[in-house]
Amino acid sequence: MSTSADPLAALAGLPGVAESVNAVRKAVDRVYGHRVMRRRSNEVTSEAALRGARGSAALAGADWALEEVRRRTDFGAEGEPRTVGAALRLTAEAGQLLSIWRQSPLRVLARLHLVAAGGAEGDEGVGRPRQSGEPVDEPLIGSDLPLPDADEVAGRLDGLARLLLTGSEAPALVTAAVVHGELLALRPFVSRNGLVARAAERIVLVGSGLDPKSICPAEVGYAELGVAPYMAALEGYASGTPEGMAVWIAHCGRAVELGVRESTAVCEALQRGAA
């Protein structure tokens, strides 16, 4: 990452990033301008939350059809049901944490992990960054991406929190992409890091004012683009090179655009009376 006074803003100057930022802004403006949003925005928000949770769970290995997620209630069983349940809980929780995020991002991350893990404070490894020697259960992130040790994780989390609390002139997409990428690269918790990273990205996009009603589920886009491109773009972020960072930010931008497309389809269905 850049060593400038505002490293997040510096990333906005990377080749192709401005184009991604502009494309996202135009797409978001279009869906917010849809006539359905004037009367039924709460319904669009609820549907976007459900579809976003489904997308995030798919990236975590539980690729269920939307209607399956909609009708099921048994999310306590081990395996895929617990993953889907974790994604649904996180989506519901994220909207309650905006004010805390602005004061203490690390506190919010701990809360998100607690919610994702479905445990209680004090449970082994839940709601706190992993300690030295603790393994990480994140099966979709392979061995090609080095796992930072606990000391590096602590230092980089503190650095990320300082960046967020200091504030930046960076576009919301850039900040959200960095939060998402950093959490995936660090894998600061013993499990559920992907789910937490995507929920944190959602908080940034909503809290920044880009998507205040949370109707642009990037998680839908990531799932549609696929796991392999997601991981390839993450490797670009983890490389720390300008080219790699630009690829990751562009990937995040494309995911938001696809999330906008999903919610636009929801708006159209509501307008026709079909949803």
**Q** Would you call Trp101 and Leu109 a side-chain contact if the rule is heavy atoms closer than 4.5 Å?
**A**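 Heavy-atom side-chain distance check passes, below 4.5 Å.
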**Q** Below 4.0 angstrom, N of the basic side chain to O of the carboxylate: do Arg70 and Glu47 qualify?
**A**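 Looking at Arg70 and Glu47, the cut-off is met.
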**Q** Answer yes or no: is there a side-chain heavy-atom contact under 4.5 Å between Leu183 and Asn193?
**A**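 Counting from C-beta outward, Leu183 and Asn193 never come under 4.5 Å.
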**Q** Measuring from atom CG of Asn42 to atom CD1 of Ile215, what distance do you get when rounded to the nearest 0.5 angstrom?
**A**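 Output value for this atom pair is 11.0 Å.
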**Q** Okay, side chain of Tyr32, backbone of Lys213: is any donor-acceptor separation there less than 3.5 Å?
**A**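 Yes, the answer is positive, given that a donor and an acceptor are paired below the 3.5 Å cut-off.
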**Q** With a 4.5 Å heavy-atom cut-off, do Leu173 and Ile249 have their side chains touching?
**A**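 Yes, close enough: below the 4.5 Å cut-off.
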**Q** With heavy-atom distances below 4.5 Å as the criterion, would you say the side chains of Val44 and His34 are in contact?
**A**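 Contact flag for Val44/His34 side chains = no.
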**Q** Nearest heavy-atom pair of Ala12 and Pro171: which atoms, and what distance?
**A**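 For Ala12 versus Pro171, the nearest heavy atoms are CB-CD, 3.7 Å.
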**Q** Do you reckon Val84 sits in the same ILVMFWY cluster as Val196, going by side-chain contacts under 4.5 Å, direct or chained?
**A**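 The answer is no; the residues belong to distinct hydrophobic clusters.
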**Q** Mark yes when over 12 heavy atoms from residues, nucleotides or ligands other than Arg72 sit less than 6.0 Å from its CZ; otherwise mark no.
**A**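 Counting neighbours around CZ of Arg72, more than 12 heavy atoms of other residues, nucleotides or ligands fall under 6.0 Å, so yes.
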**Q** Side-chain contact test, heavy atoms from C-beta onward, threshold under 4.5 Å: evaluate it for Met245 versus Ser239 and give yes or no.
**A**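 Side chain of Met245 against side chain of Ser239, heavy atoms only: no contact under 4.5 Å found.
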**Q** Please lay out, stage by stage, how Tyr222 and Leu258 fare under the test side-chain contact (heavy atoms from CB on, under 4.5 Å).
**A** CA-CA 8 Å; Tyr222 293 122; Leu258 290 171; over 6 Å; no
**Q** Determine the minimum heavy-atom distance between Ser168 and Ala170, stating which atoms define it.
**A**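 Scanning both residues, the minimum pair turns out to be OG-N, 2.9 Å.
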**Q** Is there a side-chain contact (heavy atoms from CB on, under 4.5 Å) between Asp137 and Val190 once you walk through the steps?
**A** CA-CA 6 Å; Asp137 180 15; Val190 296; over 6 Å; no
**Q** Has the side chain of Glu138 got a donor or acceptor atom that lies under 3.5 Å from a matching backbone atom of Gly194?
**A**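 Flag set: sc Glu138 to bb Gly194 pair under 3.5 Å.
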**Q** Quick check against the 3.5 Å criterion: does Thr91 have a side-chain atom that pairs as donor or acceptor with the backbone of Ala87?
**A**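 Yes: the side chain of Thr91 pairs with the backbone of Ala87.
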**Q** If you count the non-hydrogen atoms of other residues, nucleotides and ligands that lie under 6.0 Å from CZ in Arg71, is the total more than 12?
**A**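 Yes.
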**Q** Looking at every heavy atom in both Val260 and Ala27, which two are closest together, and how far apart are they?
**A**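 It is CG1-O, 3.3 Å.
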**Q** Kindly give the heavy-atom pair with the smallest separation between Cys216 and Val256, and that separation in Å.
**A**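 Here Cys216 and Val256 meet closest at CB-CG1, 4.4 Å.
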**Q** I'd like to know if Leu90 and Val69 are part of one continuous hydrophobic network [Ile/Leu/Val/Met/Phe/Trp/Tyr, side-chain heavy atoms within less than 4.5 Å].
**A**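 No, Val69 and Leu90 fall in different hydrophobic clusters.
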**Q** Using modelled atom types and a 3.5 Å cut-off, is there a donor and acceptor pairing between side-chain atoms of Trp248 and backbone atoms of Ala177?
**A**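 Present.
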**Q** Could you pull out all residues at least two apart from Glu93 that satisfy salt bridge (charged side-chain N to carboxylate O under 4.0 Å, His left out)?
**A**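 Only Arg111 meet the salt bridge (charged side-chain N to carboxylate O under 4.0 Å, His left out) criterion with Glu93.
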**Q** If Ile, Leu, Val, Met, Phe, Trp and Tyr residues are connected whenever their side-chain heavy atoms lie under 4.5 Å apart, and connections chain through other members, are Leu160 and Leu147 in the same group?
**A**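 Each belongs to a different hydrophobic cluster.
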**Q** Taking all non-hydrogen atoms of both residues, which atom of Leu163 and which atom of Pro7 are closest, and how far apart?
**A**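 In terms of heavy atoms, the two residues are closest at CD2-CG, 3.4 Å.
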**Q** Begin with the C-alpha distance, continue with both residues' side-chain angles, and end with the deciding distance and a verdict on side-chain contact (heavy atoms from CB on, under 4.5 Å) for Leu112 and Ile203.
**A** CA-CA 11 Å; Leu112 290 174; Ile203 289 173; 4.2 Å; yes
**Q** Does a side chain donor of either Ser214 or Arg202 reach within less than 3.5 Å of an acceptor in the other side chain?
**A**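 The answer is yes; a qualifying pair exists.
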**Q** Kindly say whether Leu205 contributes a backbone atom to a donor-acceptor pair with the side chain of Ser208 at under 3.5 angstrom?
**A**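 Such a contact is found between Ser208 side chain and Leu205 backbone.
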**Q** Is any side-chain N of the basic residue among Arg162 and Asp158 closer than 4.0 Å to the acidic one's carboxylate O?
**A**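 No salt bridge links Arg162 with Asp158.
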**Q** Nearest 0.5 Å, please: how far is CG in Leu59 from CD1 in Ile141?
**A**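 Interatomic distance, Ile141 CD1 to Leu59 CG, rounded to 0.5 Å: 10.5 Å.
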**Q** Considering only heavy atoms from C-beta outward, does the side chain of His113 approach that of Ser191 to under 4.5 Å?
**A**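 His113 reaches Ser191 side chain to side chain.
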**Q** When rounded to the nearest 0.5 angstrom, what is the spacing between CZ in Arg156 and CD in Glu182?
**A**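 Rounded to the nearest 0.5 Å, the CZ-CD separation comes out at 4.0 Å.
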**Q** Return the minimal non-hydrogen interatomic distance between Ala246 and Leu14, and the atom names on each side.
**A**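 Of all heavy-atom pairs spanning Ala246 and Leu14, the closest is N-CD1, 4.0 Å.
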**Q** What's the verdict on side-chain contact (heavy atoms from CB on, under 4.5 Å) for Leu50 and Leu88, showing C-alpha distance, side-chain angles and the deciding distance?
**A** CA-CA 7 Å; Leu50 182 69; Leu88 289 167; 3.9 Å; yes
**Q** Is there side-chain contact between Arg30 and Thr264, with heavy atoms separated by less than 4.5 Å?
**A**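 The answer is no; the side chains never approach within 4.5 Å.
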**Q** Not counting sequence neighbours, which residues clear side chain to side chain donor-acceptor pair (under 3.5 Å) with Ser263? List them please.
**A**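 Partners of Ser263 by the side chain to side chain donor-acceptor pair (under 3.5 Å) criterion come out as none, since no residue qualifies.
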**Q** To the nearest 0.5 angstrom, please state how far the CZ atom of Arg130 sits from the CZ atom of Arg128.
**A**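 Spacing of CZ (Arg130) from CZ (Arg128) equals 11.0 Å.
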**Q** Among Arg54, Arg51, Arg254, Arg261, which residue satisfies the salt bridge (charged side-chain N to carboxylate O under 4.0 Å, His left out) criterion with Glu224?
**A**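 Passing option: Arg261.
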**Q** Side-chain heavy atoms under 4.5 angstrom apart, residues restricted to Ile, Leu, Val, Met, Phe, Trp, Tyr: same cluster for Met37 and Val220?
**A**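 No, Met37 does not connect to Val220 through the hydrophobic network.
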**Q** Do Val17 and Leu11 make a side-chain contact, defined as non-hydrogen atoms from C-beta onward lying under 4.5 Å apart?
**A**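 Val17 does not reach Leu11 side chain to side chain.
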**Q** Output the distance between atom CG (Asp149) and atom CD (Glu152), rounded to the nearest 0.5 Å.
**A**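 The CG atom of Asp149 sits 6.0 Å away from the CD atom of Glu152.
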**Q** What's the spacing between Thr166 OG1 and Leu8 CG if we round to 0.5 Å?
**A**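 Going from the OG1 atom of Thr166 to the CG atom of Leu8 covers 9.5 Å.
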**Q** Would you say Val206 ends up clustered with Val24 if hydrophobic residues are merged whenever their side chains have heavy atoms under 4.5 Å apart, either directly or through other cluster members?
**A**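 Per the 4.5 Å side-chain linkage, Val24 and Val206 are co-clustered.
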**Q** Can you classify the ring geometry of His251 versus Tyr230 as parallel (below 30°), tilted (30 to 60°) or perpendicular (above 60°)?
**A**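 Geometry flag for Tyr230 against His251: tilted rings.
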**Q** Would you check if the side chain of Arg198 reaches a backbone N or O of Ser56 as a donor-acceptor pair within less than 3.5 Å?
**A**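 Between the backbone of Ser56 and the side chain of Arg198 there is a qualifying donor-acceptor contact (under 3.5 Å).
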**Q** Counting distance only, does the side-chain N/O of Ser104 pair as donor-acceptor with the main-chain N or O of Ile100 below 3.5 Å?
**A**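 Flag not set: sc Ser104 to bb Ile100 has no pair under 3.5 Å.
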**Q** For Ala65, does its backbone N or O pair with a side-chain atom of Glu68 as donor and acceptor, under 3.5 Å?
**A**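 No.
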